[in-house]
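Structure record follows, encoded as structure tokens.
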Amino acid sequence: MNVMRAQRDQLFEYGPFTIRRQRPGEVFGPLAIIDQMSLKMDARIPMHTRQDEEIFSYVWRGSAQHLTEQGEKTALNAKRAMLVSAGSGVRYEESAPFVETEMLQVYIRPAKSGGAPRTLDFTRVDGPSLNVWTLLAGPESSDAPLRLGQEVFIYDLKVERGAQVEVPHIAGFSTWLTLLDGIVQVGDERLMQGDSISEQGALPAVRGERDATVMAFLVSDGVTFV
């Protein structure tokens, strides 16, 4: 197992944004960047262009707003996640107009360049289930609610203190876990907010030391990407 601890050198501040950036590295190929962001109220990322990326957005505290070039607004919160498949190019703006917000954004390199841009969102009326992994995003061939153009699966977990939950695993896939809040134990490793742990294969079960929010990324070994 490899552990990436939350370090100050992963942080950078830009006005009302504080971003902790992690780069999983060569083993995880298309899983390029994992950003944990703190947005102050009224923070705004102006209209900008993305291309040839799969951008997964997940708010675990507060709320954010996604605004398209066409003026369409989508609210993101603990009940609604979003996937932007940028393809040949898409423009949008993001903001936190109502409250301070904690948000995860993940940048995944697709298997193919170009294609029509697409934006999908997934809503759970009651938010994340307790002590059960939920599949949020996966390849086009999967039954995930958010389909992306790469062999990557994304899950979330709300684990209670004292509960133990097995980590999803698929043969031929490497596993990356990121802790958004709380404290958990994975094998002999104690993880705190901002820490990540990975393995080329399966990871031991997650045990909640405090109530926690955990993200899992399963990445197919040896896939091609742009």
Do [X] and [Y] make a side-chain contact, defined as non-hydrogen atoms from C-beta onward lying under 4.5 Å apart?
| X | Y | value |
| --- | --- | --- |
| Ile183 | Leu191 | no |
| Val159 | Arg210 | no |
| Leu11 | Thr18 | yes |
| Val84 | Arg50 | no |
| Trp133 | Val214 | yes |
| Ile34 | Arg21 | no |
| Val184 | Leu177 | no |
| Leu83 | Ser85 | yes |

Give the minimum heavy-atom separation between [X] and [Y], together with the two atoms involved.
| X | Y | answer |
| --- | --- | --- |
| Ala86 | Asp52 | CB-N, 4.0 Å |
| Val167 | Val206 | CG2-CG2, 3.7 Å |
| Leu179 | Gln36 | O-OE1, 3.8 Å |
| Val226 | Lys112 | CG1-C, 3.5 Å |
| Val186 | Pro204 | CG1-O, 3.8 Å |
| Ala205 | Gln164 | CB-CG, 3.7 Å |

(request) Output, in order, the C-alpha distance, side-chain angles, deciding distance and verdict of ring-ring contact (aromatic ring centres under 6.0 Å, His included) for Phe173 and Phe153. (result) CA-CA 9 Å; Phe173 282 68; Phe153 291 85; 5.7 Å; yes
Pairing of [X] and [Y] as salt bridge, 4.0 angstrom limit:
| X | Y | answer |
| --- | --- | --- |
| Arg5 | Glu189 | yes |
| Glu102 | Lys40 | no |
| Asp181 | Arg61 | yes |
| Arg190 | Glu209 | yes |
| Asp195 | Arg20 | no |

Answer yes if the side chains of [X] and [Y] hold a donor-acceptor pair under 3.5 Å, and no otherwise.
| X | Y | value |
| --- | --- | --- |
| Thr74 | Asp121 | no |
| Glu94 | Tyr92 | no |
| Lys158 | Thr213 | yes |
| Ser174 | Trp176 | no |
| Gln105 | Ser57 | yes |

(request) Take Arg109 and Glu53, measure what salt bridge (Lys or Arg N to Asp or Glu O under 4.0 Å) needs, and give me the verdict at the end. (result) CA-CA 5 Å; Arg109 297 179 182 129; Glu53 291 176 305; over 6 Å; no
Single-linkage hydrophobic cluster, 4.5 Å side-chain cutoff, [X] and [Y] together:
| X | Y | answer |
| --- | --- | --- |
| Val219 | Phe225 | no |
| Met37 | Met82 | yes |
| Ile55 | Tyr14 | yes |
| Trp60 | Leu157 | no |
| Phe122 | Ile108 | yes |

(request) Step by step, work out the side-chain contact (heavy atoms from CB on, under 4.5 Å) result for Val132 and Val165. (result) CA-CA 7 Å; Val132 177; Val165 185; over 6 Å; no
(request) Report the C-alpha distance between Val99 and Ser63 in whole Å, list the side-chain angles of each, state the deciding distance to 0.1 Å, and finish with yes or no for side-chain contact (heavy atoms from CB on, under 4.5 Å). (result) CA-CA 7 Å; Val99 67; Ser63 66; 3.9 Å; yes
(message) Would you say CE of Met192 has more than 12 non-hydrogen atoms from neighbouring residues, nucleotides or ligands within 6.0 angstrom?
(response) no
Rounded to the nearest 0.5 Å, what separation is found between the [atom1] atom of [X] and the [atom2] atom of [Y]?
| X | Y | atom1 | atom2 | answer |
| --- | --- | --- | --- | --- |
| Glu151 | Thr224 | CD | OG1 | 9.5 Å |
| Ile170 | Ser220 | CD1 | OG | 9.0 Å |
| Gln200 | Phe28 | CD | CZ | 7.0 Å |
| Glu160 | Asn131 | CD | CG | 4.5 Å |
| Met215 | Tyr58 | CE | OH | 5.5 Å |
| Asp35 | Leu104 | CG | CG | 8.0 Å |

(request) Check the pair Phe217 / Val106 against side-chain contact (heavy atoms from CB on, under 4.5 Å), numbers first and verdict last. (result) CA-CA 10 Å; Phe217 304 91; Val106 181; 3.7 Å; yes
(message) Apply side-chain contact (heavy atoms from CB on, under 4.5 Å) to residues Met4 and Gln22 and explain how you reach the verdict.
(response) CA-CA 9 Å; Met4 183 180 287; Gln22 294 183 337; 3.6 Å; yes
(message) Using modelled atom types and a 3.5 Å cut-off, is there a donor and acceptor pairing between side-chain atoms of Lys79 and backbone atoms of Val125?
(response) yes
(request) Give a yes or no answer on whether the side chain of Arg147 reaches the backbone of Ser142 with a donor-acceptor pair at less than 3.5 Å. (result) yes
